[in-house]
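Note sheet for the following structure.
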Amino acid sequence: MRLHNCSRCERVFIGISGKLCPECIKKQDAALEKVRDYLYDHPGASVQEVIDETGIDEKEILELVKIGYICFENSLLRCSRCGITIERGSHCSSCQRELIHGLHHATASLNNNEQSRAKIYAYNQLQNKTTSK
């Protein structure tokens, strides 16, 4: 267990992982339940309707959409890389694939550079031994 700062209220809490303290998680769960109940009774409701009828602010609703707990027919989120409309998260599936591919490529490149440095180091060590005899 480690100390964390809650990303919402800035309180320090002890936990295994996570961005929110237990108190903010309870608040988020209550908001989620309220929004889900409203959407269950009013399918196809707009975000503004949900805000007006539940009292949950837009920022909270956007967070629930971003983490994938709820979704609307007309999504509010845009891919932070290309700007197309997405249902959840921060990147569309196409950008996610490209980012993952780039990450794998960068990792492979770093591994190759590290192997090259190790070979050069070993070669230099061998040269030093042969020249010192």
Side-chain angles (χ1 to χ4, degrees):
M1 296 227 196
R2 296 179 11 192
L3 284 177
H4 299 277
N5 279 45
C6 178
S7 62
R8 190 171 292 167
C9 70
E10 297 295 323
R11 281 189 214 127
V12 175
F13 67 99
I14 296 174
I16 296 170
S17 65
K19 295 180 180 181
L20 301 177
C21 69
E23 190 63 34
C24 287
I25 288 174
K26 286 179 189 174
K27 290 177 185 175
Q28 184 182 51
D29 289 346
L32 174 61
E33 187 175 341
K34 204 175 208 183
V35 170
R36 277 190 174 162
D37 287 348
Y38 184 79
L39 289 172
Y40 181 79
D41 293 336
H42 303 88
S46 71
V47 176
Q48 193 58 51
E49 286 177 67
V50 174
I51 292 168
D52 293 342
E53 296 301 319
T54 63
I56 308 297
D57 68 16
E58 185 176 6
K59 184 178 176 183
E60 179 82 20
I61 291 173
L62 283 174
E63 185 62 30
L64 294 172
V65 171
K66 187 178 278 188
I67 57 182
Y69 287 167
I70 58 172
C71 61
F72 289 89
E73 288 177 10
N74 297 324
S75 182
L76 309 166
L77 300 177
R78 300 212 170 266
C79 175
S80 61
R81 191 163 181 249
C82 70
I84 68 167
T85 303
I86 56 177
E87 289 183 13
R88 68 176 68 90
S90 57
H91 295 93
C92 67
S93 58
S94 177
C95 287
Q96 282 178 347
R97 280 192 300 277
E98 288 179 27
L99 290 168
I100 289 169
H101 176 73
L103 184 60
H104 287 301
H105 181 72
T107 302
S109 178
L110 285 173
N111 288 339
N112 288 340
N113 286 342
E114 207 164 290
Q115 288 174 355
S116 296
R117 278 191 296 230
K119 288 177 184 175
I120 292 169
Y121 177 77
Y123 176 78
N124 287 338
Q125 293 293 47
L126 270 171
Q127 288 295 93
N128 289 341
K129 285 184 180 179
T130 57
T131 56
S132 63
K133 287 185 179 181

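All of these numbers come straight from a predicted model, not from anything done at the bench.
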Verdict with supporting geometry, Asp57 and Ile51, side-chain contact (heavy atoms from CB on, under 4.5 Å): CA-CA 6 Å; Asp57 68 16; Ile51 292 168; 5.9 Å; no

So do the side chains of [X] and [Y] get within less than 4.5 Å of each other, counting heavy atoms only?
{"X": "Arg11", "Y": "Glu23", "result": "yes"}
{"X": "Ile61", "Y": "Val35", "result": "yes"}
{"X": "Arg2", "Y": "Ile14", "result": "no"}
{"X": "Lys34", "Y": "Ile56", "result": "yes"}
{"X": "Ser94", "Y": "Cys82", "result": "no"}

Same cluster or not: [X] versus [Y], using hydrophobic residues (I, L, V, M, F, W, Y) connected whenever any side-chain heavy atoms lie under 4.5 Å apart?
{"X": "Ile86", "Y": "Leu64", "answer": "yes"}
{"X": "Val50", "Y": "Ile67", "answer": "yes"}
{"X": "Leu62", "Y": "Ile25", "answer": "no"}

Gap between atom [atom2] of [Y] and atom [atom1] of [X] - 0.5 Å precision:
{"X": "Glu10", "Y": "Cys24", "atom1": "CD", "atom2": "SG", "value": "9.5 Å"}
{"X": "Leu103", "Y": "Gln96", "atom1": "CG", "atom2": "CD", "value": "12.5 Å"}
{"X": "Glu98", "Y": "Cys92", "atom1": "CD", "atom2": "SG", "value": "7.5 Å"}

Whether His105 side chain and His101 backbone form a donor-acceptor pair below 3.5 Å: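 The answer is no, because no donor-acceptor pair under 3.5 Å joins these two groups.
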
Polar side-chain atom of Lys19 near backbone of Ser7 as donor-acceptor pair, under 3.5 Å: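 Side chain of Lys19 to backbone of Ser7: no pair is present.
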
Worked check of side-chain contact (heavy atoms from CB on, under 4.5 Å) between Leu20 and Gln28: CA-CA 9 Å; Leu20 301 177; Gln28 184 182 51; 3.5 Å; yes

Electrostatic pair Arg8:Glu60 at N-O distance under 4.0 angstrom: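 The answer is yes: the pair qualifies as a salt bridge.
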
More than 12 heavy atoms of other groups within 6.0 Å of Tyr69 OH: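 Not more than 12 within 6.0 Å, no.
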
Glu33 atom CD, neighbour heavy-atom count above 12 within 6.0 Å: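 At most 12 heavy atoms, drawn from other residues, nucleotides or ligands, come within 6.0 Å of this atom.
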
Heavy-atom closest contact (Tyr38 atom, Thr54 atom, distance):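 Reported closest heavy-atom pair: CB-CG2, 3.8 Å.
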
Evaluation steps, side-chain contact (heavy atoms from CB on, under 4.5 Å), between His91 and Leu99: CA-CA 9 Å; His91 295 93; Leu99 290 168; 3.7 Å; yes

Worked check of side-chain contact (heavy atoms from CB on, under 4.5 Å) between Val12 and His4: CA-CA 6 Å; Val12 175; His4 299 277; over 6 Å; no

